[in-house]
Amino acid sequence: MAELPKNYEPSAIEPRWYAEWTARGYFHADAQAPKAPFAIVIPPPNVTGSLHMGHALGTTIEDIFTRWRRMAAYNAMWLPGTDHAGIATQMVVERELKAKEGKTRHDLGRDEFVKRIWEWRGRTGDRILEQLKTMGSSLDWERTTFTMEPQYSAAVIEAFVRLYEEGLIYRAKRLINWCPQDRTALSDLEVDYDEGVQGELYEFAYPLADGSGELIVATTRPETMLGDTAVAVHPDDPRHKSKIGKMLDHPFVDRQIPVIADPILVDPKFGTGAVKVTPAHDPNDFETGLRHQLPMISIFDEAGIVNAQGGEFAGLDRFKARKAVKARLAELRLERGSKPHVHAVGHCQRCETVVEPMLSTQWFVKMEPLAKPAIEAVEQGKTKFVPESWSKTFFHWMNNIRDWCISRQLWWGHRIPAWYCGQCQDMTIARTTPNFCGHCGAPADKLQQDDDVLDTWFSSWLWPFATLGWPNETRELKTFYPTTVLDTGYDILFFWVARMLMAGLHFMKKVPFRTVYLHTMVTDEKGNKMSKVKGNTIDPVDVIKEHGADSLRFALAWLTTHAAQGKNIKFSIGNVEDARRFANKIWNSANFVKLNLEGYDADRFADRIADGPDNAELDLPERWILSRVQRVSEEVDTALEEYRIADAAQTAYHFVWNELCDWYIELAKAGLKRAGTGPDGASARLKIQGALVTALETSMRLLHPFMPFITEEIWQQLPKPSGAPQSIMITLYPVRDVRFYDDASEASMALVQKIIVAVRAIRTEKKIPGPAKVVALLAVTDDYKKTILEGYKQIIAEQVRCSEVRVRRSGASFSGEFSLEHIATTLAGDVEVMIPLEGLVDPVAETGKLEKDLAKLENDLAYLEKKHANPKFLERAPLEVLDKDRAQMAELRAAIAKIQVALERLQASEKRR
RNA sequence: AGGCGCGUAGCUCAGUGGAAGAGCACUUCCUUGACACGGAAGGGGUCGGCAGUUCAAUCCUGCCCGCGCCUACCA
């Protein structure tokens with residue numbers, strides 16, 4: 001058999017297998033298949049997107065779950081798709097239009113511009129989906145969905161119309177978040193608050209109209225005074241009480257405004273105790289305006305420029321207006337000072353422009369009736385959060401939910417299905433373009449459709465069922481809804497997860513997913529958010545090119561613990577390099593196995609272990625490794641069931657590296673050497689080869705969800721019994737086979753390992769070079785251990801490269817066999833391990849070392865004895881603890897006795913000298 | 001301001017009511033036919049501080065000190 005290349009080269013393997021899997025249709029799940037369903041829908045990346053570490057993490061997690069369940073014979077379906085991403089996409093195309101043609105979207109007009117976006121999409125394709133393929137994602141590509149495609153759009157409109165008919169969608173003039181740059185409304189969630197912006201609290205005076213004085217107000221936004229329609233004071237504030245009801249002169253516009261009393265808005269302890277009220281540009285003032293029926297005067301246009309209401313300041317940008325207003329107030333001697341003030345300023349999530357609260361007619365979803373069932377569903381455990389602590393955050397937001405502004409003044413998106421009649425002014429809501437006004441019957445040409453489109457999230461919240469054919473009652477929905485797991489970053493818990501729960505319960509009457517797995521954010525190694533501007537990004541595409549998708553995936557899986565809130569995955573390329581070393585280790589272990597398969601017959605070995613290990617006449621190392629691989633399989637499977645991804649990955653890693661490679665392969669080398677190449681050794685060879693292949697093959701299946709490519713490549717090359725499947729993807733995931741659980745062999749092997757380590761430690765300590773042959777003497781306390789060690793002394797000798805191992809009962813003397821003054825001694829548990837080293841052992845140093853060991857053991861024993869001298873402990877501690885302690889004390893006493901014997905021996909030889 | 005969470009080996013992080021673990025880094029030795037992207041043997045931690053509950057606390061409770069995140073309208 002050809003030797004594999006020395007180092008693993010992922011680039012030679014990964015694309016080939018992905019193509020093969022796709023061609024064989026392994027990723028596709030048949031909705032008719034008579035298997036238990038397992039479904040995940042991908043959080044649809046933006047069409048404009050390019051693969052970043054966040055996608056890589058989510059993809060890795062989702063593919064691990066999907067492959068794992070697929071291998072457990074579930075009907076595993078992982079649904080791909082992309083989001084039209086309203087603002088983001090429109091911005092990209094607008095920028096391109098500007099750069100290439102020097103035009104704005106208004107130059108083209110709406111229809112032409114939307115056409116250009118579709119063209120752009122056709123040109124760039126779904127680049128992000130192609131990138132997901134390089135990750136090894138086993139997505140069911142036949143089900144790829146785009147949120148703007150006709151079928152999906154119909155679902156969005158259906159949802160809108162139903163909610164409207166149910167009275168859960170309404171159109172109203174409200175104070176909303178407005179982005180003057182993008183010139184659109186934003187939902188509350190789309191506003192990011194910059195905490196702690198250093199600003200100023202500016203004070204100026206409004207003169208009382210009756211000339212009886214003035215009222216000083218404090219504000220962070222002086223320019224909004226152009227829209228003031230009142231000044232509020234606290235009704236019980238003695239400083240201002242007398243002014244309530246009086247009028248104030250506005251210095252710049254021809255208007256008098258009242259002094260009103262409002263205990264909600266005004267905190268008398270803050271500022272001057274008087275608050276200017278601008279109902280059209282501040283949420284609190286808006287509420288105050290409603291309470292007092294104040295006029296609401298908008299002073300900005302949609303670009304944030306002062307409008308005609310601003311009198312002499314009309315035409316100025318908001319920030320220029322601030323300076324101008326302040327300057328004029330100073331001129332008029334109305335300025336009353338200012339002090340530094342730290343406050344929060346809202347920015348547009350997309351373009352970072354300071355958001356302007358504006359009075360505007362928009363569409364809203366009434367959220368409370370939708371939130372209630374979602375809260376109940378989570379309370380009742382119909383959907384579970386992992387980690388569980390996120391449910392608290394969820395409840396907090398859901399219990400304080402506010403109506404959702406869903407209209408956007410964009411061109412790219414699902415246009416609101418509302419038509420306004422030019423004849424009767426009434427509004428018609430319809431699933432398809434109406435031919436007549438629903439109210440007065442006016443013909444279509446009198447109808448004008450609403451210009452606005454829906455918030456992108458209004459389409460995404462339908463994702464788990466709209467992708468499966470809703471509103472039609474499809475077989476897909478029946479099979480795959482509710483989906484099993486939703487995996488996403490915690491950053492979109494409110495944007496997406498909470499809203500999907502609400503939509504799913506409302507439209508499908510069932511939760512959209514059983515489990516929400518919230519993963520953390522990936523940051524750079526210092527914990528900073530990765531950003532192109534900062535230049536600290538790690539591009540998964542580059543990482544895959546250089547190190548392979550398997551390494552990237554394994555690195556991420558290794559780091560994916562149940563992360564605490566507020567903690568991120570600090571990622572560096574070093575993590576990938578570590579994973580790559582692991583891939584290389586696997587590769588070379590497979591190489592070793594393949595090089596040692598002379599004459600191996602997989603069918604014969606399969607027959608041999610068909611009834612478990614007892615009838616197979618296996619030796620200790622084989623019984624041990626086959627037992628271990630089963631236990632590890634159980635551990636990994638359990639960890640995945642509990643969403644402990646890092647634990648699963650690390651458990652498999654440690655098995656492969658530390659047990660299979662470091663121990664079993666070394667034991668197998670010796671075993672194969674012993675068996676030789678002749679016919680006499682055929683049976684012994686078969687058992688060892690079989691154990692090697694079985695352990696490695698099982699490891700490949702265990703690791704396949706984490707590292708799909710390398711495991712497939714190696715799996716393909718391993719000999720398998722006839723009738724084996726064509727691909728590792730369609731094998732069964734390893735589940736425990738308890739017949740191979742072998743406590744006795746594991747215990748024996750643990751003892752053997754302990755002794756091997758002890759002998760090696762002596763050799764290292766005494767600086768005995770490799771080839772030097774030594775004899776190891778073992779003194780044991782009981783016959784059972786003596787029997788075991790007698791049986792495995794050859795194995796020990798092979799592993800520590802000594803010429804001979806002799807075992808005696810403690811007390812039985814080795815004297816007469818070796819010169820006792822030159823023996824190095826150490827303990828492996830309670831087994832005394834001695835190596836006679838003529839001329840290499842300094843009796844004084846050896847005495848010192850042993851005394852140190854003795855002191856530690858005595859200290860340990862004293863601790864336990866003291867504990868056991870406490871009657872309350874004996875009375876209240878559970879039996880297992882007592883037993884464990886007692887066993888430990890027995891072992892300690894035996895060990896102490898051994899050291900004492902060794903010390904006496906040294907002293908005796910000292911005397912003789 | 002409220003809520004959630006974190007503080008464990010030099011670094012990044014697991015973990016458990018019964019005298020602490022991993023990866024990387026570090027020290028010494030080893031190119032013996034799977035792998036130097038390797039092997040062997042090691043060093044290293046009063047588990048943030050103080051009190052309490054308990055037979056027993058790194059783990060539970062309270063307070064304190066540092067730090068992160070989320071939500072919120074303080075002019």
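Naming convention: chains lettered A, B, ... in sequence-line order (proteins, then strands); numbering from 1 in each chain.
Judged purely by distance below 3.5 Å, without hydrogens or angles, the side chains of A:Glu388 and A:Ser391 pair a donor atom with an acceptor atom. With hydrogens and angles left out, the side-chain atoms of A:Glu190 and A:Ser187 include a donor and acceptor closer than 3.5 Å.
Under the 3.5 Å distance criterion, the side-chain polar atoms of A:His654 are matched with a main-chain donor or acceptor of A:Gln650.
Picking from B:rA19, B:rA22, B:rA34 the nucleotide with the shortest atom distance to the side chain of A:Trp558 gives B:rA22. The nucleotide whose nearest atom lies closest to any side-chain atom of A:Lys392 is, among B:rU32, B:rC24, B:rC4, B:rC4. In the set B:rC70, B:rG23, B:rC35, the nucleotide with an atom closest to the side chain of A:Thr393 is B:rC70. With distances taken from any side-chain atom of A:Ala877 to the nucleotides B:rG18, B:rU28, B:rC24, the minimum falls on B:rG18.
Residue A:Leu493 contributes atom CG, which lies 13 Å from atom C1' of B:rC69 at whole-angstrom precision. Rounded to whole Å, atom P of B:rU54 lies 9 Å from atom NZ of A:Lys872. To the nearest angstrom, C1' of B:rG21 lies 12 Å from CG of A:Asp647. Separating the CG atom of A:Asp885 from the P atom of B:rA19 is a distance of 7 Å, rounded to the nearest angstrom.
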What are the atom names and distances for every N/O pair under 3.5 Å that joins the protein to nucleotides 11-13 of chain B?
| from | atom 1 | to | atom 2 | distance (Å) |
| --- | --- | --- | --- | --- |
| B:rC13 | OP1 | A:Lys570 | NZ | 3.1 |
| B:rC13 | OP2 | A:Lys570 | NZ | 3.3 |

Protein N or O to nucleotides 38-41 of chain B N or O, pairs below 3.5 Å:
| from | atom 1 | to | atom 2 | distance (Å) |
| --- | --- | --- | --- | --- |
| B:rG38 | O3' | A:Lys585 | NZ | 2.8 |
| B:rG39 | OP1 | A:Lys585 | NZ | 3.0 |
| B:rG39 | OP1 | A:Trp657 | NE1 | 2.4 |
| B:rG39 | OP1 | A:Asp662 | OD1 | 3.3 |

Look for any protein N or O under 3.5 Å of an N or O in nucleotides 71-75 of chain B and output each such pair with its distance, or none.
| from | atom 1 | to | atom 2 | distance (Å) |
| --- | --- | --- | --- | --- |
| B:rA72 | N6 | A:Glu195 | OE1 | 3.3 |
| B:rA72 | N6 | A:Glu195 | OE2 | 2.8 |
| B:rC73 | O2' | A:Asn284 | ND2 | 2.6 |
| B:rC73 | N1 | A:Asn284 | OD1 | 3.1 |
| B:rC73 | O2 | A:Asn284 | OD1 | 2.3 |
| B:rC73 | O2 | A:Asn284 | ND2 | 2.7 |
| B:rA75 | OP2 | A:His341 | NE2 | 3.1 |
| B:rA75 | O2' | A:Ala218 | O | 3.0 |
| B:rA75 | N6 | A:Asp267 | O | 2.9 |
| B:rA75 | N6 | A:Phe270 | O | 2.1 |
| B:rA75 | N1 | A:Asp267 | N | 3.2 |
| B:rA75 | N1 | A:Asp267 | O | 3.4 |

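The separation of B:rU53 from B:rC70, taken at their C1' atoms, amounts to 33 Å, rounded to a whole angstrom. For the C1' atoms, the distance linking B:rA72 with B:rC63 amounts to 27 Å, nearest Å. Straight-line distance between the P atoms of B:rU61 and B:rA75: roughly 36 Å, to the nearest whole Å. Comparing the P positions of B:rC37 and B:rG49 gives a spacing of 41 Å, expressed to the nearest Å. Taking atom C1' on both nucleotides, B:rU27 is separated from B:rA9 by 15 Å, rounded to a whole Å. Across B:rG18 and B:rC60, the matching P atoms stand 12 Å from one another, rounded to whole Å. Across B:rU71 and B:rC11, the matching C1' atoms stand 33 Å from one another, rounded to whole Å. Taking the C1' atoms as reference points, B:rU54 lies 32 Å from B:rG44, given to the whole Å.
Checked against the 6.0 Å centroid threshold, A:Phe873 and A:His868 count as a close aromatic pair. For an aromatic pair to be called close, the ring centres must be under 6.0 Å apart, and A:Phe385 with A:Trp390 fails this.
A:Lys570 NZ to A:Leu559 CG: the interatomic distance, rounded to the nearest 0.5 Å, is 11.5 Å.
Residue-level contact check: A:Pro878 touches the bases, meaning some heavy atom is under 4.0 Å from a base atom. Among the heavy atoms of the strands lying under 4.0 Å from A:Ile665 is at least one base atom, whether or not backbone atoms are also near.
Between A:Trp397 and A:Phe494, the ring planes are parallel. Angles under 30° get that label, and only those over 60° would be called perpendicular.
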Applying the Watson-Crick and G-U criteria (both distances under 3.5 angstrom) with [ ] for crossing and | for other-strand pairs, one obtains for RNA chain B (((((((..((((.......)))).(((((.......))))).....(((((.......))))))))))))....
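In this view, A:Tyr490 and A:Asn568 satisfy the side chain to side chain donor-acceptor pair (under 3.5 Å) rule, not counting sequence neighbours. Checked against salt bridge (charged side-chain N to carboxylate O under 4.0 Å, His left out), A:Glu798 has the following partners two or more places apart in sequence or in another chain: A:Arg674.
For B:rA34, its base never sits under 3.5 Å from the side chain of A:Lys594 at any donor and acceptor pair.
Here A:Lys884 reaches the OP1 or OP2 of B:rA19: one of its side-chain N or O atoms lies under 4.0 Å away.
For A:Phe873 and B:rA56, the ring-to-base geometry does not satisfy the stacking test (centroid distance below 5.5 Å, interplanar angle below 30°).
Along RNA chain B, the nucleotide nearest to A:Leu874 and the one nearest to A:Arg580 differ in position, and the one closer to the 5' end is contacted by A:Arg580.
Looking at A:Val275 and A:Phe270, their side chains never come closer than 4.5 Å, going by heavy atoms from C-beta outward. The side-chain heavy atoms of A:Asn284 and A:Glu287, taken from C-beta on, include no pair separated by under 4.5 Å. No side-chain heavy atom of A:Val752 sits under 4.5 Å from any side-chain heavy atom of A:Trp663. In this structure, A:Phe582 and A:Leu703 have side chains that are in contact, with non-hydrogen atoms separated by less than 4.5 Å.
For the side chain to side chain contact (heavy atoms under 4.5 Å, CB included) test with A:Val593, the passing option among A:Asn596, A:Leu597, A:Leu595 is A:Leu597; the others fail.
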